[in-house]
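As the structure lists them, so they are numbered: ligands from 1, and atoms in each ligand from 1.
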Amino acid sequence: MPTLQSKDLLGIETLSPDEITLILDTAEAMRSIGERQIKKVPALRGRMVVNLFFEASTRTRFSFETAEKWLSADSLNFAAKGSSVEKGESLLDTARNLQAMAPDLIVIRHGTPGVPHFLARHLRAGVVNAGDGAHEHPTQALLDAMTIRRHFGRLEGLRVAIVGDLAHSRVVRSNIWLLTKMGARVVVCAPPTLLPPRIDEMGVEATTDFDEALAEADVVMMLRMQLERQGSSLFPSAREYFKRYGLTAAKLARASPDAVVMHPGPMNRGVEISSEVADSPRSLILEQVSNGVAVRMAVLYLLLTGHGWEGEA
Ligand code: CP
């Protein structure tokens with residue numbers, strides 16, 4: 001039976017197309033657990049998962065917790081605030097002390113790129129990257145792919161425009177790895193100050209022209225302006241940014257007539273996206289959140305059992 005090659009999920013860059021397909025197919029099969037009256041199966045009973053969050057999160061943290069609960073795993077939730085990190089305990093000491101309580105898997109979000117990889121080298125437990133700085137956010141890309149695949153029935157051949165603060169985005173990097181591996185055409189778009197140099201070397205088209213990015217796009221994925229990660233102002237004002245790069249209904253009309261809108265959240269309404277688009281029938285934004293639970297169930301199950309899902313009562 002197919003499974004994942006590693007004890008960890010650290011990024012999309014190292015996954016094969018077969019592994020990506022396995023996770024998406026498993027998530028599709030597990031999605032129905034959330035549609036039952038009793039949303040619980042015993043699949044991971046007796047397994048312990050530590051959710052270690054050093055950065056703020058709503059969607060990722062709660063969907064991992066939901067996935068763990070629906071699969072009957074035990075969850076330990078760690079937030080840096082209120083822990084001994086505030087007394088100066090190092091990351092590795094924190095992780096080693098948690099390891100001493102014998103968790104099977106650690107889900108970590110951290111502001112520094114590479115922290116999940118560092119922990120994976122030092123801990124027996126599996127490690128899942130829930131976002132490391134501006135590096136990768138693999139489960140976000142997987143839930144985005146699941147959402148696109150559910151809507152269009154495929155990823156191959158679709159044109160996906162990813163627009164916004166690319167310089168500070170881990171979502172864009174994971175999505176580029178995933179979508180290009182799966183045969184989608186990706187165009188990325190940002191103002192010159194937020195467009196990483198040589199991003200086109202990742203196999204994507206890069207432009208500063210929003211209209212050019214939107215032309216014939218099947219999916220328009222808007223990214224959050226990450227003001228908290230910007231040292232100095234990289235654009236004149238939120239109002240000016242919205243005028244040039246904000247997604248309105250008029251702008252969306254430039255994309256393919258059947259184009260859908262996505263956003264990983266949290267949204268800055270009136271900065272990168274208008275409410276009329278975010279709340280429109282063409283928006284898949286809340287569907288992304290629901291699919292996030294299914295994808296995280298699939299990742300937890302595949303990593304912790306070492307085999308595929310055959311369905312469970
Ligand atoms: N998309 C995402 O990672 O959202 P959170 O920061 O709320 O987890």
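- Under the side chain to side chain contact (heavy atoms under 4.5 Å, CB included) criterion, Arg269 pairs with Met267, Ser275, Ala278, Asp279, not counting sequence neighbours.
- In this structure, the side chain of Asn268 does not engage the main chain of Val271 through any donor-acceptor pair within 3.5 Å.
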Dump the pairs for me: ligand 1 N or O, protein N or O, distance under 3.5 Å, to 0.1 Å.
unit_1   : atom_1 : unit_2 : atom_2 : d
ligand 1 : 1 (N)  : Gln140 : OE1    : 3.0
ligand 1 : 1 (N)  : Pro264 : O      : 2.8
ligand 1 : 1 (N)  : Gly265 : O      : 3.4
ligand 1 : 3 (O)  : Thr60  : OG1    : 2.9
ligand 1 : 3 (O)  : Arg109 : NH2    : 2.9
ligand 1 : 3 (O)  : His137 : NE2    : 2.9
ligand 1 : 4 (O)  : Arg59  : NE     : 3.1
ligand 1 : 6 (O)  : Arg109 : NH1    : 2.9
ligand 1 : 7 (O)  : Thr58  : N      : 2.8
ligand 1 : 7 (O)  : Arg59  : N      : 3.0
ligand 1 : 7 (O)  : Arg59  : NE     : 3.2
ligand 1 : 7 (O)  : Arg59  : NH2    : 2.9
ligand 1 : 8 (O)  : Ser57  : OG     : 2.6
ligand 1 : 8 (O)  : Thr60  : N      : 2.9
ligand 1 : 8 (O)  : Thr60  : OG1    : 2.6
ligand 1 : 8 (O)  : Arg109 : NH1    : 3.4
ligand 1 : 8 (O)  : Arg109 : NH2    : 3.4

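- Aromatic ring pairs are classed by plane angle as parallel below 30°, tilted from 30° to 60° and perpendicular above 60°; the pair Trp309 and Tyr301 is perpendicular.
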ring-ring contact (aromatic ring centres under 6.0 Å, His included), that's the test. Do His117 and His135 meet it? Break it down for me.
CA-CA 11 Å; His117 308 67; His135 179 223; 5.4 Å; yes
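- Rounded to the nearest 0.5 Å, atoms OH (Tyr245) and CD (Glu272) are 14.0 Å apart.
- For the pair Arg296 and Phe64, the cation-pi criterion (under 6.0 Å, within 45° of the ring axis) is fulfilled.
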